[in-house]
Amino acid sequence: MSNPGSYPLPDRFDAVLAEQDAEGYRCRFAPVALSDLPDRDVLVEVRYSSLNYKDALAVTGRGKIIRQSPMVLGIDLAGRVVSSGSSRFRPGDAVVVTGQGLSETEWGGYSPWQRVRAESLIPLPPAFSLAQAMGIGTAGVTAMLSVMALERYGLAPTPRPMVVTGAGGGVGSMAVALLARLGYPVAAVTGRAALHDYLTQLGARQVLDRSALAQASPALGNERWAGGIDSVGGKTLAYLLAHTAAHGAVAACGLAGGADLPVTVFPFILRSVGLLGISSSSTPAAAQTQVWRRLARDLPASVVDSISRVEPLSRIFELAEEILAGGVRGRIILDVRA
Ligand SMILES: NC(=O)c1ccc[n+]([C@@H]2O[C@H](COP(=O)([O-])OP(=O)(O)OC[C@H]3O[C@@H](n4cnc5c(N)ncnc54)[C@H](OP(=O)(O)O)[C@@H]3O)[C@@H](O)[C@H]2O)c1
């Protein structure tokens, strides 16, 4: 087996491992042998992973993410192919995986080595480094899936703004940057006044306080927005739908503020407003390849750098608490060897 990376293949290494006991899943750094990795066709030398809200739910055991024990966590990974049983990949290829069951039913990216199904892997577009790929990660793929869904619904830039909620978070930051670069006027909604300059630099024309939207909404309000991307859910999503202009649409991709949806049918039957569901983890890798092509075209690598920062994987437990408390700005890239 050839090893194009700078690290020799070790017998054992540490990974973030979750194991089930009587009280649920317990998660810790634990030694894993190369021979313990699942029987999948491509061995990847993982260089970076990332921290998503979903990762934090898995790491802290607060969400039902993990479906089998033991499980190596991390829903994203980027690295280089070490060996491949698939003709699609050769040693040395730069590859990325976002979602595809990682951390649920497939071992994930919080490990310096991983075996992955070839059909889950996407060749890394040359526009991005391995670290930048994880600066994008599931959050960026989700933001781009949302943009593409809105385009399929017929939306294009107009003077009426597009609204992005959870704008200071991973999906939100990516959505603000993407929509702004595509020519949409963006209203960014955040609970953190301190992020005003950050969001303006990403391209937001307006920054709104999230408390104004997280309230009981009339069945129909004034037509404030052409559409939007929502990672918050709950009353906020209901408010967005009630204030979306006729023939607009909202892409719903998250639940940072709640899983309920207290709406009436009026936005749908009186304004033809669309509610578009987005699920990145269930989007097949072939469709995700199109998403990465769009990201390479529409999202400058320098913007990814301005949204993300690199942290060592060794800090995963404190970072997981930080993101669940809504305290992370943009994206966290995890250096799995630090
Ligand atoms: N459907 C999919 O495929 C998919 C993919 C990725 C993520 N998601 C979901 O999308 C959401 C965001 O994920 P992420 O990785 O971007 O997380 P994140 O980085 O933590 O961003 C979430 C943002 O939501 C806002 N927020 C947090 N708590 C809130 C509350 N109680 N009420 C209103 N706003 C709140 C905060 O932004 P401000 O401080 O700026 O207000 C926070 O930064 C999560 O629910 C996640 O599960 C779904």
Side-chain angles (χ1 to χ4, degrees), residues 49-60 62-65 74-76 98-104 134-149 163-178 186-200 202 204 207-215 229-240 250-261 275-284 287-288 291 307-309 319-334:
S49 184
S50 80
L51 177 67
N52 297 277
Y53 195 85
K54 185 172 172 180
D55 289 309
L57 291 175
V59 165
T60 58
R62 274 177 230 161
K64 286 191 179 162
I65 308 295
I75 69 171
D76 295 340
T98 59
Q100 306 296 315
L102 264 57
S103 193
E104 298 176 32
M134 290 292 91
I136 295 168
T138 285
V141 168
T142 303
M144 184 49 101
L145 278 169
S146 301
V147 168
M148 291 165 76
V163 62
V164 175
T165 60
V171 175
S173 295
M174 286 286 165
V176 170
L178 279 170
V186 178
V189 181
T190 182
R192 291 177 276 179
L195 297 190
H196 187 282
D197 289 353
Y198 165 75
L199 293 168
T200 305
L202 288 185
V207 179
L208 306 174
D209 188 319
R210 78 183 189 204
S211 61
L213 280 66
Q215 53 179 281
I229 297 178
D230 175 60
S231 56
V232 170
K235 284 182 185 162
T236 300
L237 177 54
Y239 190 96
L240 258 51
V250 179
C253 56
L255 42 58
D260 59 331
L261 184 54
L275 174 57
L276 314 178
I278 304 297
S279 166
S280 61
S281 64
S282 67
T283 301
Q288 282 200 11
V291 173
I307 290 175
S308 53
R309 71 180 207 256
L319 292 168
E321 295 295 344
E322 206 180 306
I323 196 170
L324 289 181
V328 168
R329 188 192 87 173
R331 293 277 300 149
I332 291 184
I333 300 163
L334 292 169

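Start at 1 and go down the list; that is how both ligands and their atoms are numbered.
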Participant: Can you report which non-hydrogen protein atom sits closest to atom 21 (O) of ligand 1, along with the distance?
Facilitator: Gly169 CA, 3.2 Å

Participant: Is the backbone of Asp55 close enough, under 3.5 Å, to the side chain of Asn52 for a donor and an acceptor to pair up by distance?
Facilitator: no

Participant: Would you tell me which option among Ala167, Ser50, Ala256, Ala56 has the nearest heavy-atom contact to atom 29 (C) of ligand 1?
Facilitator: Ala256

Participant: Less than 3.5 Å between some nitrogen or oxygen of Asn52 and one of ligand 1, yes or no?
Facilitator: no

Participant: At less than 4.0 angstrom from any non-hydrogen atom of Gly170, what atoms of ligand 1 do you find?
Facilitator: 16 (O), 18 (P), 19 (O), 21 (O)

Participant: What's the shortest distance from atom 38 (P) of ligand 1 to any protein heavy atom, and which residue and atom give it?
Facilitator: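 Ranked first by proximity to atom 38 (P) of ligand 1 is Thr190 OG1, 3.4 Å.
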
Participant: Is it the side chain, the backbone, both or neither of Ser279 that has a heavy atom closer than 4.0 Å to ligand 1?
Facilitator: backbone

Participant: For Val171, take its heavy atoms, then give the atoms of ligand 1 lying under 4.0 Å from any of them.
Facilitator: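 Ligand 1 atoms under the 4.0 Å threshold to Val171: 6 (C), 7 (C), 13 (O), 16 (O).
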
Participant: Please report which non-hydrogen protein atom sits nearest to atom 3 (O) of ligand 1, along with the residue it belongs to and the distance in Å to one decimal place.
Facilitator: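 Here the closest protein heavy atom is Ser280 N, 2.7 Å.
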
Participant: Can you find an N or O of Gly326 that's nearer than 3.5 Å to an N or O of ligand 1?
Facilitator: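 Such a contact does not occur with ligand 1.
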
Participant: Could you list the atoms of ligand 1 found under 4.0 angstrom from a heavy atom of Gly166?
Facilitator: 23 (C), 24 (O), 25 (C), 37 (O), 40 (O)

Participant: Verify side chain to side chain donor-acceptor pair (under 3.5 Å) between Arg331 and Ser173, making sure each step is shown before the conclusion.
Facilitator: CA-CA 8 Å; Arg331 293 277 300 149; Ser173 295; over 6 Å; no

Participant: Give the minimum heavy-atom separation between Val250 and Leu237, together with the two atoms involved.
Facilitator: CG1-CD1, 3.7 Å

Participant: Keeping to residues at least two apart or across chains, list the salt bridge (Lys or Arg N to Asp or Glu O under 4.0 Å) pairs with something in residues 165-174.
Facilitator: none

Participant: Check ligand 1 against Gly254 and write out every atom of the ligand that is under 4.0 Å from a heavy-atom position of the residue.
Facilitator: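 So the answer, numbered in order with elements, is 9 (C), 10 (O), 11 (C), 45 (O).
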
Participant: So, does Asp76 use its side chain to make a donor-acceptor pair with the main chain of Met134 at under 3.5 Å?
Facilitator: no

Participant: Just to be sure I'm reading this right: ignoring hydrogens, which of Thr142, Leu199, Ile75, Thr98 gets closest to atom 6 (C) of ligand 1? Compare them by their nearest heavy atoms.
Facilitator: Thr142

Participant: Which ligand 1 atoms are under 4.0 Å away from a heavy-atom of Cys253?
Facilitator: 1 (N), 2 (C), 4 (C), 8 (N), 9 (C), 10 (O), 48 (C)

Participant: Number the atoms of ligand 1 from 1 as they appear, then name those within less than 4.0 Å of a heavy atom of Gly191, with their elements.
Facilitator: 38 (P), 39 (O), 40 (O), 41 (O)

Participant: Using heavy-atom distances only, which candidate in Ser231, Ala252, Ser282 approaches atom 12 (C) of ligand 1 most closely?
Facilitator: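 Closest candidate by heavy-atom distance is Ser231.
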
Participant: I need the nearest protein heavy-atom contact for atom 32 (N) of ligand 1: residue, atom name and distance, please.
Facilitator: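 The closest heavy atom on the protein side is Gly257 CA, 3.7 Å.
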
Participant: Which protein heavy atom lies closest to atom 45 (O) of ligand 1, and at what distance to 0.1 Å?
Facilitator: Leu255 N, 2.9 Å

Participant: Could you identify the single nearest non-hydrogen protein atom to atom 26 (N) of ligand 1 and state the distance to 0.1 Å?
Facilitator: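 Ranking protein heavy atoms by distance from atom 26 (N) of ligand 1, first comes Arg210 NH1, 3.4 Å.
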
Participant: Suppose we measure from atom 17 (O) of ligand 1 to each protein heavy atom; which comes out shortest, and what is that distance?
Facilitator: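 Going by distance alone, atom 17 (O) of ligand 1 is nearest to Tyr53 CB, 3.5 Å.
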
Participant: Among protein heavy atoms, which lies nearest atom 39 (O) of ligand 1, and at what distance?
Facilitator: Arg192 NE, 2.7 Å

Participant: Examine distances only and state if a side-chain atom of Ser231 and a backbone atom of Thr165 form a donor-acceptor pair shorter than 3.5 Å.
Facilitator: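 Checked: pair present.
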
Participant: So for ligand 1, is Gly168 a polar contact partner (N or O within less than 3.5 Å, distance only)?
Facilitator: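 Yes: some nitrogen or oxygen of Gly168 is under 3.5 Å from one in ligand 1.
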
Participant: With heavy atoms under 4.0 Å as the rule, classify the contact between Ala139 and ligand 1 as side chain, backbone, both or neither.
Facilitator: neither

Participant: Could you tell me, atom by atom, which parts of ligand 1 come under 4.0 Å of a heavy atom of Ile323?
Facilitator: 19 (O), 20 (O)

Participant: Identify, by atom number and element, the atoms of ligand 1 in contact range of Thr138, meaning under 4.0 Å from any of its heavy atoms.
Facilitator: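 The list of qualifying atoms is 5 (C), 6 (C).
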
